[in-house]
Amino acid sequence: MATLEVKQLSVQVAGSKLLNNISFALQPGDICAVVGPNGAGKSSLLAAIVGDLKLSGGSVAIAGSEARAKCLAFLPQFSLLNFPFTVSEVVALGRIPHSTGNAIDQHISTAAMAAMDISELADRPYTQLSGGEKQRTQLARVMSQIWRAEDAAQRLLLLDEPTTALDLGHQQQLMAALEKFAQCGVAVLMVVHDINIAAKYASHLLAIADGHCLAQGETTKILSEQLLQQLFNANLKLYIDPASQRPSVIL
Amino acid sequence: MIFSVKKVERHWGLILGLAVLLLFLATLCSLAFGAVPIRFAQLINSFSASSDPKVTLIIQQLRLPRALLGLAVGAMLASCGAVTQGLFRNPLADPSLIGVSAGAATGASVVIVLMTQLHGSLAGLSLVSIGAFCGGTITVVFVYRLATSSAGTSVSSMLLAGIAITFLAGAFAKILEFIADNEMLKRISLWQMGGLEGANYSQVGIALGVAAVVLSLLNRHRTALNALLLGESEARHLGINVKRVKQQLIVLVAAGVGCSVALVGTVAFLGLIVPHMLRILIGPNHRYLIPLCAIGGALLMLLSDTVARTVIAPTEVPVGLITSLLGAPIFISLLRHRHRYGMQ
């Protein structure tokens, strides 16, 4: 059964159509990258899926009989937190939906912090961190929310531009963590601007322009110079890495 | 933060116990100090049958109700302050921002100026107090309505609506002051300065009752408040029913602050300074912040009132004046050094 099934989703805000007739499904273990130019409706799509934006048409079905917060974690693009919680406290907030007890929660928070390489920062106030460190803290928080397979039958992770503030090393680390999640059956849907990250790590692509879906499917099958031209109105060269057989893009 | 989160978590029982002990000692001090100094031995003795009737009268009829009223009001103001700041995600927000204080002051002025013929009381509450409570409640309802649209209640529009309504209520109060005579003006200005004099046991009963309900309900929302600091949408994705929590918190804050203002007038800065100081000491986690704010607010109120009664005894200074004089410099220094404590 699909973890997430979006059918003919449309969103209209103040008379303008942000999203038009978008349909796709995510299976457990999929990593799907949403790509497209600025203002295409990528963040709106995530907001509509989690219920922050009202649908004007279509439907969103998320599998699992548990409470939504137990199986779905969402990282928005910006964080509003301006109170000096420590990093470990912020990460621990991710366990609010579960009543698994202090010991398990603490164990998960520690593991999530290690995965995002912020164990050293555990006692630092969030407000004093750099942009990338804040991003990693928030990532660890949403990961800890859906960390254990026991807590929910199906798990879904939605990330809005998770790599923007991260340096290359931490981008790689994040992607490795996401791949590990996917191997355990989590479905990941992420908005990314770096088309190379999408090409290298995403199993599926969802290309959106102007609120419409231009293409969707397995990354290796649909990523083409023609699609990139259509999406970004730019001349980009596509190479296939001989070692991994994955496409990569040169600006 | 001065104490690390881990330390607070590990020694929470001890910290809470020490805070309660400190509050108990402060209560004893406030009973002992005053225009008529009373020794601790006399103080303890005053609750037995063999004590000096004069001392018994001073303790049981004057200082004890006053101290208890101060405890309840201080605890409510400080914890409502902490909750307002959490709800508005702004460490400098004060309950008065949503219009409670201004509305209450206007309600009190209406009674003082326009209802001079009416004297009397209801269950130990003066008409002025009742007027203040009604004024405070009406303004909060009005502000809440203004900020609510079909999309929900926006916290930032509530803040702006609160400021607008505060000005409106202020203008209305000024008109009342304009038509008031000298005697009324004096009563209005004394009421606005705030004070605990004339405390009686029915007021104490009301204040303690409201405080017990408000504090225990606020404390139940501690996890939701922590999640709300991340942002409303994030809190919703953590499974918090944001709309319901927001409504309940606003009602609780309005009841707590409205009741305090009605009983003792406006006491400035308590809801701002106590949470702020405690956040610097132990961090913003509401699990620890709400109980300690209640104790800290009660403590500061008691100490301010003791100073207010003794500094130029036998004349009393309004306690609101003392909290303002103490509070403003502390607040300014906190503002200047906020980066040191991780505040933005």
Side-chain angles (χ1 to χ4, degrees), chain A residues 13-14 43 46-47 49-54 66-99 102 105-106 122-129 134 137-138 141-142 144-146 151-152 156-158 160, chain B residues 1-10 82 85-93 150-152 155-156 221-243 245 275-276 278-289 338-344:
Chain A
V13 172
S43 297
L46 260 54
I49 291 171
V50 296
D52 283 354
L53 271 180
K54 236 189 193 158
E66 295 92 354
R68 171 77 64 96
K70 285 191 182 179
C71 55
L72 183 153
F74 172 47
L75 176 79
Q77 204 170 342
F78 306 105
S79 148
L80 294 166
L81 180 60
N82 62 351
F83 278 76
F85 270 131
T86 61
V87 167
S88 58
E89 279 180 306
V90 176
V91 177
L93 290 177
R95 296 302 298 170
I96 287 179
H98 308 278
S99 32
N102 215 348
D105 289 353
Q106 214 150 36
D123 295 326
R124 284 265 301 277
Y126 179 81
T127 42
Q128 287 177 356
L129 302 179
K134 282 183 180 170
T137 306
Q138 295 285 357
R141 173 177 72 78
V142 290
S144 77
Q145 193 180 340
I146 51 156
D151 292 335
L156 177 60
L157 183 59
L158 302 177
D160 198 348
Chain B
M1 277 160 284
I2 293 176
F3 298 110
S4 75
V5 179
K6 275 184 198 145
K7 257 187 213 158
V8 175
E9 200 179 308
R10 201 173 312 138
Q85 287 139 27
L87 189 63
F88 286 88
R89 287 189 296 284
N90 185 339
L92 302 181
S150 57
V155 167
S156 53
H221 286 302
R222 56 189 186 272
T223 311
L225 276 163
N226 284 342
L228 272 171
L229 291 188
L230 288 171
E232 282 182 27
S233 140
E234 281 89 336
R236 202 164 28 244
H237 300 138
L238 286 168
I240 309 284
N241 186 341
V242 172
K243 195 178 157 197
V245 166
H276 216 80
L278 283 166
R279 264 189 219 106
I280 286 172
L281 284 173
I282 58 150
N285 191 337
H286 288 91
R287 186 174 154 212
Y288 311 119
L289 196 62
R338 66 193 184 281
H339 291 292
R340 205 182 288 169
Y341 312 110
M343 303 271 185
Q344 277 183 332

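Proteins come first, then strands; the chains are lettered A, B, ... in the order of their sequence lines, and each starts at number 1.
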[X] and [Y]: which non-hydrogen atoms are nearest, and at how many Å?
X: A:A69; Y: B:L238; result: CB-C, 3.5 Å
X: B:R89; Y: A:F83; result: C-CE1, 3.5 Å
X: B:H237; Y: A:F74; result: CE1-CD2, 3.2 Å
X: A:P84; Y: B:P284; result: O-CD, 3.5 Å
X: A:L93; Y: B:A227; result: CD2-N, 4.5 Å

Find out whether [X] and [Y] are in side-chain contact, i.e. whether some heavy atom of one side chain is under 4.5 Å from a heavy atom of the other.
X: B:R236; Y: A:D52; value: yes
X: A:R141; Y: B:E234; value: yes
X: A:F85; Y: B:L230; value: no

A:P97, part contacting chain B, at a heavy-atom distance under 4.5 Å: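 Both backbone and side chain of A:P97 come within 4.5 Å of chain B.
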
Nearest-0.5 Å distance, CD of residue A:Q106 to CD of residue B:E9: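 Between atom CD of A:Q106 and atom CD of B:E9 there are 6.0 Å.
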
Gap between atom CG of A:L80 and atom CG of B:L228 - 0.5 Å precision: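 Between B:L228 CG and A:L80 CG, I get 11.0 Å after rounding to 0.5 Å.
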
Top contributor to chain A interface from B:T223, B:L229, B:N226, B:N285 [non-hydrogen pairs under 4.5 Å]: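 If we count pairs closer than 4.5 Å to chain A, B:L229 comes out on top.
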
